[in-house]
Amino acid sequence: MISSPALMIEARGVEKWYPNGFHALRGVDLCVHQGEVVVIMGPSGSGKSTFLRTFNAMEDFQKGSIVVDGIEISDDLRRIDAIRREVGMVFQQFNLFPHLTVLDNLTLAPVKVRKRPKAEVERQALELLERVGIAEQAHKFPGQLSGGQQQRVAIARSLCMEPRIMLFDEPTSALDPEMVQEVLAVMQELARDGMTMVVVSHEVRFARKVASRVVLMADGEVVEVAPPQQFFTNPRHERSKQFLSQIS
Amino acid sequence: MISSPALMIEARGVEKWYPNGFHALRGVDLCVHQGEVVVIMGPSGSGKSTFLRTFNAMEDFQKGSIVVDGIEISDDLRRIDAIRREVGMVFQQFNLFPHLTVLDNLTLAPVKVRKRPKAEVERQALELLERVGIAEQAHKFPGQLSGGQQQRVAIARSLCMEPRIMLFDEPTSALDPEMVQEVLAVMQELARDGMTMVVVSHEVRFARKVASRVVLMADGEVVEVAPPQQFFTNPRHERSKQFLSQIS
Amino acid sequence: SDGGGVQSQKMAAIKARGSLICGVDGKLPGFSFVSPDGSYSGLDVDICKATAAAVLSDPAKVTYRDLSATERFAALSSGEVDLLSRNTTMTLSRDAPGGNALAFAPTTFFDGQAVMVPATSGIRSLKDVAGKPICVETGTASELNLADRMRELNATYTPLKFQSGDQTYAAYLQGRCVAVTTDRSQLAAKRTGFPKPSEHILLPDVLSKEPLNPATVNADPAWADAVRWVVYSLIQAEEMGITAANIDAKVAEAKANKNLAQLRRFFGVEGDLGKQLGLPADFVVRTVKAVGNYGEVFERNVGTGSPLKLERGVNQQWRQGGLMYSPPFL
Amino acid sequence: MTSRSEVTPWWRNRRYLPWLVQGAVALVIGVVVAFLLTNLLLNLTARGLLLSWSWLGQPAGFDLAETILPFDASLPYWRAMLAGLVNTLRVVIAGLVGATVLGTLIGTASFSSNGLLRRLARVYVEVIRNIPLLLQLIFWYFVVFLALPNGRDALQLPGLVLAKSGLFLGSPELVDGVWQAPLRFTVEFGALLTGLVVYTAAFIAEVVRGGIASVPKGQWEAATSLGFPPLLTLRRIVLPQALRVIVPGLNSQYISLAKNSSLAVACGFTDLYSVSETTLNQTGRAIEVMLILLGSYLVIDLVISALMNGLNGLVQLRER
Amino acid sequence: MASTAPLVVRASPLRRLQKELFGSRLDGLISIALLAALLAAALGFFRWALFQAQWAVLSANSTLFAVGRYPVEQQWRLWLLTTLLALATGLSWGLLRAFPGSGAVRALWPRNDRWAAAILGVLALWRPMALQLTLAIQARWWGIAGLLLLARWAAGRYGPAIPQAFRRLIPLLWPLLYLVGMVLISGGLGLVQVPPSEWGGLLLTVLMATFAILLCFPLGVLLALGRRSELPLLRWGSVIYIEFIRGAPLITLLFLGQNILGFLLPGGLAPDRVWRAAWVLTFFAAAYVAEAVRSGLVAVPAGQLEAARSLGLSVPLALVHVVLPQALRVALPATVGQFISLLQDTTLLSLIGLLDLLGTARTVMANPMFLGKNAEVYLVLAILFWSCCAALGLGSRALETRLNPHSPSAPQA
Ligand SMILES: Nc1ncnc2c1ncn2[C@@H]1O[C@H](COP(=O)(O)OP(=O)(O)OP(=O)(O)O)[C@@H](O)[C@H]1O
Ligand SMILES: Nc1ncnc2c1ncn2[C@@H]1O[C@H](COP(=O)(O)OP(=O)(O)OP(=O)(O)O)[C@@H](O)[C@H]1O
Ligand SMILES: [Mg+2]
Ligand SMILES: [Mg+2]
């Protein structure tokens with residue numbers, strides 16, 4: 001037990017109702033260990049995004065508990081801040097700040113939130129941009145980049161806050177096909193470097209190659225959790241089979 | 001000579017400058033005989049649309065002359081009216097009137113411009129819609145139709161003015177692939193019925209099957225005019241070869 | 001303590017502020033008017049100056065507020081101006097506590113509402129105006145008097161109402177209406193500025209009595225009294241033949257001669273008349289020095305020597321058969 | 001997040017914090033409002049001006065220049081204010097129609113093939129919008145309308161006389177130096193209406209221009225290729241589509257026209273505001289008069305909005 | 001098809017004119033009618049302006065129009081302020097040119113600037129002369145205009161040499177100048193007090209407009225944020241406020257401010273009526289600015305706030321650094337539009353008896369000497385307002401393009 005990697009996310013019986021009464025999560029459990037890459041799949045509206053967003057307290061929930069890196073999520077703002085510091089998030093729509101240069105996008109949060117010295121953050125930012133392969137775009141504005149480049153900037157922006165966990169919500173689904181690969185390559189490398197990642201994605205190839213486990217959600221519940229090999233070749237549940245037949 | 005079909009369009013040395021000084025047509029000649037189907041091809045920006053639009057006086061030109069069905073184009077508004085009566089035009093973007101039903105789209109011009117009795121025009125319009133295969137959509141609004149249906153309505157709308165010449169400006173390039181065929185079929189049938197047509201299009205199959213001659217334009221000039229068989233298999237000019245290699 | 005403890009709140013406020021806020025019309029030649037250099041002059045303005053001289057010893061310490069007819073009472077009762085010297089007619093409802101609850105100082109000008117018409121119009125009495133447009137400033141007593149009188153005469157007419165005097169006269173001069181009505185003095189004042197004053201006549205009809213008085217609020221009787229006696233001091237000075245020019249001599253004379261008891265009391269050389277009002281003992285000297293006696297004020301601003309060329313008429317001293325009469329300074 | 005072993009302090013609790021913020025804001029607003037209201041009550045009581053409406057029934061004592069509702073000085077105040085309201089409505093309705101017509105003409109003129117007309121339309125809009133309306137109203141009244149000739153010199157056309165006192169329609173005749181006619185509009189009304197129409201038309205022209213510009217160019221081309229002359233294209237093809245964009249824009253212009261009509265005082269027209277000012281001055285009833293005034297304009301705005309929303313529904317419906 | 005070398009011809013200006021004016025018979029008729037009308041109007045105007053108009057009304061009252069009844073012996077303060085303003089304007093203008101927005105080329109005197117400088121020069125030389133001001137005052141105006149151009153030249157020429165740390169401080173010049181200006185105008189700090197009732201004319205108009213513009217903007221932003229807030233109380237509070245203000249004509253609100261504010265505050269606490277009007281203008285404009293800003297807020301995708309929050313930015317930080325910069329850029333034209341109408345609305349002060357430009361004009365025209373000289377005065381006022389409003393509009397468009405050289409519609413090749 002001692003040698004097993006630390007538990008980074010531990011969700012127990014999470015239930016969420018939206019204010020309009022919609023029961024979006026119906027008692028979901030999930031554990032993510034350090035260094036794991038968990039890919040969440042499932043039909044549209046099954047609650048994947050909602051679930052993911054509870055991990056950094058972007059959505060609240062009514063029942064159950066979530067412990068992120070040892071901190072239990074509660075209504076305490078100080079805790080929420082601490083959790084957001086641990087968790088980076090990348091969105092489907094990139095959500096880069098269009099009025100700031102790429103470099104400023106990266107440095108804004110570390111400088112304003114962490115109060116780190118600007119010069120140091122800039123050095124780190126340039127390194128990260130190098131790492132995602134777009135160092136030469138540092139002084140452009142997001143509007144001047146392609147979708148793939150923008151998404152890589154978004155990843156770098158999250159990394160710049162030095163998170164211990166990264167959440168990805170369909171990071172490639174707004175991209176033209178030729179740009180999907182460049183983003184997945186960056187994520188793959190991140191995974192190789194040992195980042196704990198939870199990824200909502202329907203990229204089967206990526207999941208097969210990188211995921212430690214694949215989670216299938218449907219109707220606000222976790223239907224199946226399995227290593228990718230097993231999940232894609234021999235799913236246990238009827239729902240999983242049905243889903244797999246749809247996406248391939 | 002007597003048996004040769006009448007000359008429907010005769011353009012001689014047409015030169016056009018746009019108001020910004022751009023020299024869009026640099027002395028173009030073209031003759032179209034009755035019943036001919038002429039397909040104009042050429043790279044983007046070569047002046048195809050501009051040339052086509054001079055035929056019904058939608059664009060003016062500064063040098064040369066164009067005679068349409070015996071009427072020479074000049075600044076005389078009465079002549080321009082007469083020519084527009086002879087010439088129908090179909091656009092890439094359909095340009096149906098979104099606030100009118102399909103039937104009203106067809107009948108508006110004959111009733112308001114030609115002052116024909118409404119009932120008679122409606123009968124004719126329904127026949128035409130039948131002919132392009134969408135009689136049952138007569139009372140819908142354009143926004144409720146698919147692209148292919150909309151383009152067929154646009155063709156029927158032009159036909160309702162009983163033109164002797166039809167101009168098509170890339171009629172299928174805004175369509176999803178599965179809808180291209182239904183529009184080409186309608187055009188093919190029109191050609192079979194003996195309509196004189198000038199078509200800007202890159203549909204090689206259509207050109208091979210239907211065109212009397214294919215015209216290649218480049219940089220505001222006509223580079224080659226040839227029957228489709230010869231044009232596609234054995235073009236004379238270097239420019240034509242280059243162009244054909246690009247589109248296939 | 002000195003003044004028998006009667007210190008008015010208002011007066012304290014004015015002294016603290018170091019300036020008297022005086023509500024005036026600002027656009028009425030002869031009464032209150034701004035010259036191109038920005039200074040105010042006129043009969044109403046002189047009352048402000050005299051009051052400032054009495055309270056603050058300096059006639060220049062006045063802050064003028066141009067007030068329209070519609071806002072003058074609100075400005076006074078909300079305490080925005082200390083003194084309203086804006087040729088305002090004293091009426092019962094304005095005076096009464098159940099009405100506007102003002103406190104009026106003595107009349108500084110006895111006026112009456114009149115009607116002016118172009119001489120060429122052929123109109124010779126109010127009756128002739130029937131059926132025609134009359135210009136009048138809205139929110140004034142003139143507006144109501146006109147309505148009353150026309151109803152008495154059983155005549156229809158069109159009242160063209162304007163928010164301010166300048167618009168009213170502009171409309172009249174441009175011929176929009178055949179007559180304009182307001183107080184006689186005002187009409188005369190305005191007429192002086194007309195391109196051809198002689199082409200306009202005042203009809204003989206007097207629509208109303210218009211005693212024009214400075215006003216303060218009922219709520220501060222001590223302040224009202226002070227203002228009242230400032231005005232009386234000017235009238236009394238004229239009666240006693242004291243002018244701005246000769247006052248220094250007269251004061252010296254009074255100081256020298258113990259027998260001139262009345263004069264000595266008046267100048268505050270003896271007795272505590274000023275203190276009883278909460279004013280300096282020599283407030284009369286200050287007021288007269290600042291603006292002259294009532295006759296001088298009248299002559300300078302509206303009298304025959306001024307552009308308005310008004311006769312003294314009923315505004316003559318009572319000894320000359322007029323209505324100007326000051327109670328004794330005892 | 002139901003039961004927690006440890007209690008989160010309230011100032012860090014994201015569940016309570018918003019309510020605390022709101023509570024604080026409510027408290028501040030409440031205290032300020034209460035403070036103002038107490039003062040109001042105290043001051044009004046001191047002056048004997050506590051809210052009361054009985055004065056509305058007392059005779060007004062003043063006359064009004066032009067009214068559709070018959071009015072004279074012996075009628076009560078509420079009749080005076082009603083007469084003012086009717087006058088306001090009269091000028092607003094006429095103004096709406098006039099401004100819409102003129103604005104549409106100018107808006108479409110900026111698409112004319114005639115370069116001069118096009119530029120003049122631009123110049124009109126740029127000049128008129130950048131000069132204060134009040135200045136324009138005063139200009140129209142004192143400089144233009146009051147310069148009209150009067151009496152015998154008035155501009156006379158068959159059945160129509162334009163004089164300094166107004167526009168007379170029907171069979172005008174000169175009685176005792178004054179024009180009389182069955183139908184007359186005073187110059188005060190004329191100046192206000194002209195000012196409002198000219199000013200609002202500039203804004204409406206921009207709305208119309210925006211609406212027309214929002215119709216794709218292809219619509220013009222298609223119509224032209226079908227042989228439509230330009231005016232017919234505009235009327236049958238372009239304007240119906242442009243309406244979707246125009247109508248919401250018109251709504252706010254209409255409302256501002258209605259509100260701007262309160263500047264009538266500047267040119268001597270007896271509208272609601274002018275009557276209210278007189279009434280306030282004669283009665284001292286500031287609060288009540290303000291309430292009536294604000295309420296009336298609010299109702300006018302709401303009515304215009306409701307009508308325009310209905311119209312909006314109609315033009316949007318045609319799409320589907 | 002041996003065509004000639006690419007030849008750029010533009011239709012000759014005459015031919016273009018002919019085509020624009022006489023393209024068709026109808027166009028020809030319209031053109032002739034319009035030309036005739038224009039000609040008649042121009043003739044009439046010049047006849048009036050040259051032979052009938054009497055401009056003495058303006059020259060005789062120029063001080064009144066400029067500063068109202070501001071005490072003569074204190075007017076040096078206004079001259080000082082004008083000089084400071086001219087310096088600051090020249091400095092800022094020159095620096096703008098020294099550091100053009102990305103994409104623009106740097107030039108010491110671009111064409112627009114040469115025009116502006118020429119117009120300024122002509123105005124400074126001709127206007128004081130036309131107003132028949134005394135030579136001393138004319139000279140002052142020349143000096144001030146010269147100073148402005150000199151500062152403009154110096155800043156444009158030597159601006160780039162200024163160290164960056166110092167350059168950052170230069171925008172602060174304006175708020176500082178505003179405060180200094182307020183002190184200079186109203187007195188205090190050892191200067192003699194000049195109460196607001198003595199301010200008038202252009203001074204009052206400009207003061208009211210700038211005061212209201214400066215204050216209504218933050219207020220409007222707060223209201224807009226309130227209206228978009230999730231907290232019902234803030235939202236409904238803002239909605240009620242905004243809709244109430246927008247439902248009422250400004251004149252009724254000014255009237256309310258003058259007549260009722262006195263009742264709402266304990267005696268003596270109510271501010272001077274000039275300030276009262278200024279506050280009413282501010283609160284009025286805030287509601288409209290709020291709507292303009294709201295349209296900008298709507299244009300910012302919800303994802304922006306989410307991204308900022310997920311990066312750990314608190315809501316205020318996210319608003320300040322992420323949402324507002326984007327929203328205000330979108331809202332800029334509409335906001336400036338509101339500022340322009342606010343400037344125009346200051347004329348309504350004359351209806352409540354304040355002596356702004358229009359109020360001063362009305363006072364002047366009550367002067368028997370100038371009765372009936374309406375057209376001259378109103379024409380000059382109209383030109384004045386027009387130039388100010390048009391300049392604001394132009395400025396906003398320039399700012400817009402300067403802020404937006406990298407619009408998202410220009411993707412990389
Ligand atoms: N704010 C909200 N209020 C009410 N219902 C919501 C809200 N947001 C999401 N939902 C509903 O909750 C359900 C789950 O949403 P969620 O976005 O988590 O699904 P998802 O699995 O991510 O789907 P997709 O693959 O389409 O992104 C959906 O049915 C959605 O309609
Ligand atoms: N209104 C205009 N003003 C200036 N240049 C124009 C205008 N319209 C078109 N052009 C230019 O004229 C050239 C010919 O345009 P045209 O639309 O005729 O080309 P095309 O051959 O139809 O191209 P495509 O295949 O892209 O439709 C292009 O270079 C275009 O940029
Ligand atoms: Mg999702
Ligand atoms: Mg084309």
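The structure displayed is predicted, hence computed values, not measured ones. Proteins come first, then strands; the chains are lettered A, B, ... in the order of their sequence lines, and each starts at number 1.
Donor-acceptor pairing under 3.5 Å is recorded for the side chains of A:Gln92 and A:Ser173. Side-chain contact annotation: E:Ser341 with E:Tyr288, donor-acceptor N/O pair under 3.5 Å absent. Side-chain N/O atoms of A:Asn56 and E:Ser310 include no donor and acceptor closer than 3.5 Å.
If you measure heavy-atom distances from A:Phe97 to chain E, the contacts under 4.5 Å come from both the backbone and the side chain. Heavy-atom distances place no part of A:Val90 under 4.5 Å from chain E, backbone and side chain included. If you measure heavy-atom distances from A:Leu96 to chain E, the contacts under 4.5 Å come from the backbone alone. With a 4.5 Å cut-off on non-hydrogen atoms, A:Arg114 does not touch chain E at all.
Between the side chain of A:Lys48 and the main chain of A:Gly45, no donor-acceptor pair closer than 3.5 Å is present.
Of all the listed residues (E:Gly303, E:Ala318, E:Pro301), the one sharing the greatest number of non-hydrogen pairs under 4.5 Å with chain A is E:Gly303. With chain E as the partner, the residue from A:Arg157, A:Met89, A:Arg85 showing the most heavy-atom pairs under 4.5 Å is A:Arg157. Ranked by heavy-atom pairs under 4.5 Å with chain E, the first of A:Asp81, A:Leu108, A:Leu100, A:Leu77 is A:Leu108. Between chain A and the options E:Val300, E:Val323, E:Leu313, E:Val322, heavy-atom pairs under 4.5 Å are most frequent for E:Val322.
Between E:Glu291 and E:Arg294 there is a salt bridge, since at least one side-chain N of the basic residue sits less than 4.0 Å from a carboxylate O of the acidic one.
With a 6.0 Å radius and a threshold of 12 heavy atoms from other residues, nucleotides or ligands, E:Glu230 has its CD atom at or below the threshold.
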